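What you see is a predicted model; the values in this text were computed from it and never measured.
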Amino acid sequence: MIASSFPSPCGETVPTPRRVAMITVHTSPLERPGTGDAGGLNVYVVETARRLAARGIAVEVFTRATGSRQPRSVELAPGVNVRHVVAGPFDGLSKEDLPGQLCAFTAGVMREVAAHPAGHYDVVHSHYWLSGQVGWLAADRWHVPLVHTMHTMARVKNIGLAEGDRPEPRGREIGEVQVVEAADRLVANTDLEARQLVELYDADPDRVRVVHPGVDLDLFTPGNTSRARAAVGVDEDDLLVLFVGRIQPLKAPDLLLRAVADLRSRRPDLGARLRVAVLGGPSGSGLERPHWLADLAAELGIADRVVFEPPTTREHLAEWYRAADLVAVPSYNESFGLVAVEAQACGTPVVAADVGGLPFAVGGGVLLPTHATDEWSRGLEALLDDPTERARLSRVATSHAAGFGWDRTADSLVRVYGEAMASRARRLHADGS
């Protein structure tokens with residue numbers, strides 16, 4: 001029985017699901033973001049699942065097992081269970097190898113829920129195109145709607161490809177088109193992403209809904225900079241520029257290092273105080289040369305001013321944000337820009353590339369229109385040289401980030417789920433099923 005209902009944006013009363021199956025094949029919500037394939041998608045799944053459960057909606061997350069000792073099921077939070085599905089060898093599989101394991105993963109998901117009665121799930125919500133392929137089959141088998149979030153899209157990434165990076169394969173593009181056609185609702189992070197789904201993938205506009213990701217406004221808050229610097233081991237007088245994310249060409253951490261090297265050569269007075277912290281691990285094509293960024297720092301002569309830190313806890317990450325004078329997001333593409341919003345929630349201004357969802361995510365900061373080294377060097381210089389402007393942007397950043405909260409995201413998702421359920425029910429009624 002449906003627990004409750006509410007008005008949709010169009011005024012229609014739609015149902016509220018009781019139980020949602022989330023699918024994230026290639027990365028587990030239990031993994032720490034910042035290395036391998038773990039990033040903003042992981043945070044999104046964790047935060048939305050927790051808040052859905054707090055609203056009385058049970059969530060089961062299906063992900064691929066990557067170790068023989070992993071328990072079959074793990075409670076992530078009350079009402080949220082993560083189920084590990086065996087599909088292929090535990091070790092040695094990259095994201096690019098996983099299309100060959102989708103059949104095995106789907107079969108494993110079906111076995112996991114075979115004992116449940118019909119109607120056990122009300123909605124399948126898949127994340128990333130690999131999961132969409134599994135979700136398509138699962139939703140069809142369980143006679144429930146499929147809601148899909150792309151997170152990143154091959155055609156968008158290939159348009160803004162970093163120099164020397166590999167384009168996404170044709171097989172991925174075909175798989176994404178299939179998921180777009182199959183989904184009852186497509187969740188886009190921003191209006192731009194919604195347009196890209198329509199223009200690049202011929203998505204039905206009536207099936208696309210914009211739901212903005214959020215930020216944990218209880219965790220990421222302004223705080224005492226001196227205490228934060230003591231916690232992360234940064235000198236009080238340093239000018240700290242922070243990069244947070246996976247180390248791969250798409251995220252462009254090399255651009256930040258080149259810009260800093262240029263700035264130090266032009267402004268020795270700033271350079272003497274300038275320090276860069278890189279929080280994250282190798283990912284994607286960056287795995288082929290795991291030490292490439294450290295090697296570049298040495299080549300540029302700034303190794304003594306760059307510190308590399310592995311992915312850390314969310315609590316410690318908040319301290320890094322508070323400790324920084326600026327957070328740099330030089331990516332060639334971001335579907336949203338979660339790091340930018342987290343930094344701003346801590347009161348730290350952001351310098352970001354004017355791409356993807358970043359113009360929407362960044363309110364307290366500066367957007368740079370190109371990935372030219374000299375432009376980034378001068379953009380950093382302008383803010384590092386002006387503490388008054390940084391203080392003004394800090395106030396704007398905090399106010400801007402306050403508009404993003406995971407509770408709002410969860411409420412919007414519940415509405416999308418209800419629309420998908422109502423739409424499917426209407427189709428079944430029209431078909432006489």
Output side-chain donor-acceptor pairs under 3.5 Å for residues 338-347, partner residues at least two apart or in another chain, one line each.
unit_1	atom_1	unit_2	atom_2	d
E342	OE1	Y321	OH	2.8
E342	OE2	R314	NH1	3.3
E342	OE2	R314	NH2	2.3
Q344	OE1	G363	N	2.8
Q344	OE1	G364	N	2.8
Q344	NE2	A340	O	2.9
Q344	NE2	A361	O	2.9

Q) Mind checking whether R227 and R322 have side chains closer than 4.5 Å, heavy atoms only? A) no
**Q.** Check: W406 and R50 side chains under 4.5 Å, non-hydrogen atoms
**A.** no
Q. Y417 and H125: side-chain donor and acceptor closer than 3.5 Å?
A. yes
Q | Sub-4.5 Å side-chain heavy-atom contact between V180 and D202 | A | no
Q) Which atoms form the tightest heavy-atom contact between F62 and A21, and what is the distance? A) CE1-CB, 4.0 Å
Q: Please work out whether the ring planes of W320 and H316 are parallel, tilted or perpendicular, with thresholds of 30° and 60°.
A: perpendicular
Q. Are any side-chain N or O atoms of E319 and backbone N or O atoms of V232, one a donor and one an acceptor, separated by less than 3.5 Å?
A. no
Q: Report the C-alpha distance between L293 and D254 in whole Å, list the side-chain angles of each, state the deciding distance to 0.1 Å, and finish with yes or no for side chain to side chain contact (heavy atoms under 4.5 Å, CB included).
A: CA-CA 6 Å; L293 197 62; D254 56 313; 4.2 Å; yes
Q. Is a side-chain N or O of H371 found less than 3.5 angstrom from the main chain of P330, in a donor-acceptor match?
A. yes
Q.
Between P99 and W129, is there a side-chain heavy-atom distance shorter than 4.5 Å?
A. yes
Q) Atom CG of D407 and atom CG of L217: how far apart are they, to the nearest 0.5 Å? A) 8.5 Å
Q | Evaluation steps, salt bridge (Lys or Arg N to Asp or Glu O under 4.0 Å), between E419 and R415 | A | CA-CA 6 Å; E419 284 185 36; R415 285 193 288 272; over 6 Å; no
Q) Does a donor on one side chain and an acceptor on the other come within less than 3.5 Å for S335 and H151? A) no
Q | L186 and its side-chain contact (heavy atoms from CB on, under 4.5 Å) partner, picked from L146, V210, L197 | A | L197
**Q.** Side chain S131, main chain I23, donor-acceptor under 3.5 Å
**A.** yes
Q. Should the pair K251-D165 be classified as a salt bridge under the 4.0 Å nitrogen-to-oxygen rule?
A. no
Q | Minimum side-chain heavy-atom gap W142-M110 below 4.5 Å | A | yes
Q. For A87 and Q101, which heavy atoms make the closest approach, and how far apart are they?
A. C-OE1, 3.7 Å
Q) In chain order, what residues pass the side-chain hydrogen bond (donor to acceptor under 3.5 Å, both in side chains) check against R141, with sequence neighbours excluded? A) none
**Q.** Centroid-centroid distance, F220 to F404, less than 6.0 Å
**A.** no
Q | Backbone N/O of R408 and side chain of D411: donor-acceptor pair under 3.5 Å | A | no
Q: For the pair D325 and R229, evaluate salt bridge (Lys or Arg N to Asp or Glu O under 4.0 Å) and give the outcome as yes or no after the intermediate values.
A: CA-CA 11 Å; D325 292 286; R229 291 196 164 203; 2.6 Å; yes
Q) So, for A324 and T348, which heavy atoms are closest and what is the spacing to 0.1 Å? A) O-CG2, 3.6 Å
Q.
Under 4.0 Å between a side-chain nitrogen and a carboxylate oxygen: does that hold for R51 and E47?
A. yes
Q: Carefully, step by step, assess V351 and V327 under the rule side chain to side chain contact (heavy atoms under 4.5 Å, CB included).
A: CA-CA 6 Å; V351 179; V327 169; over 6 Å; no
Q: Compare every heavy atom of R275 with every heavy atom of D238, then report the nearest pair and how far apart it is.
A: OD2-CD, 3.2 Å
Q: Grab the two heavy atoms, one from S28 and one from V82, that are nearest each other, plus how far apart they are.
A: OG-CG1, 4.3 Å
Q.
Are the side chains of R185 and P145 in contact, using a 4.5 Å heavy-atom criterion?
A. no
**Q.** Backbone N/O of R64 and side chain of H84: donor-acceptor pair under 3.5 Å
**A.** no
Q: Would you check if the side chain of S399 reaches a backbone N or O of R395 as a donor-acceptor pair within less than 3.5 Å?
A: no
Q: Provide the closest heavy-atom pair for V20 versus Y121 in the form atom of the first, atom of the second, distance.
A: C-CD2, 4.0 Å
Q. Looking only at atom types and distance, does a side-chain atom of D122 sit under 3.5 Å from a main-chain N or O of R18, one as donor and one as acceptor?
A. yes
Q: Would you check if E96 and R172 make a side-chain contact, meaning some heavy-atom pair closer than 4.5 Å?
A: no
Q) With no hydrogens and no angle check, is any side-chain donor or acceptor of R424 less than 3.5 Å from a backbone partner on H143? A) yes
**Q.** Heavy-atom donor-acceptor pair, T149 side chain to H127 backbone, under 3.5 Å
**A.** no
Q. Would a distance-only check, ignoring hydrogens and angles, find a side-chain to backbone donor-acceptor pair under 3.5 Å from T409 to H212?
A. yes
Q | Heavy-atom side-chain proximity of L380 to L274 below 4.5 angstrom | A | no
Q.
If the threshold is 4.0 Å, N to carboxylate O, is there a salt bridge linking R155 and E168?
A. no
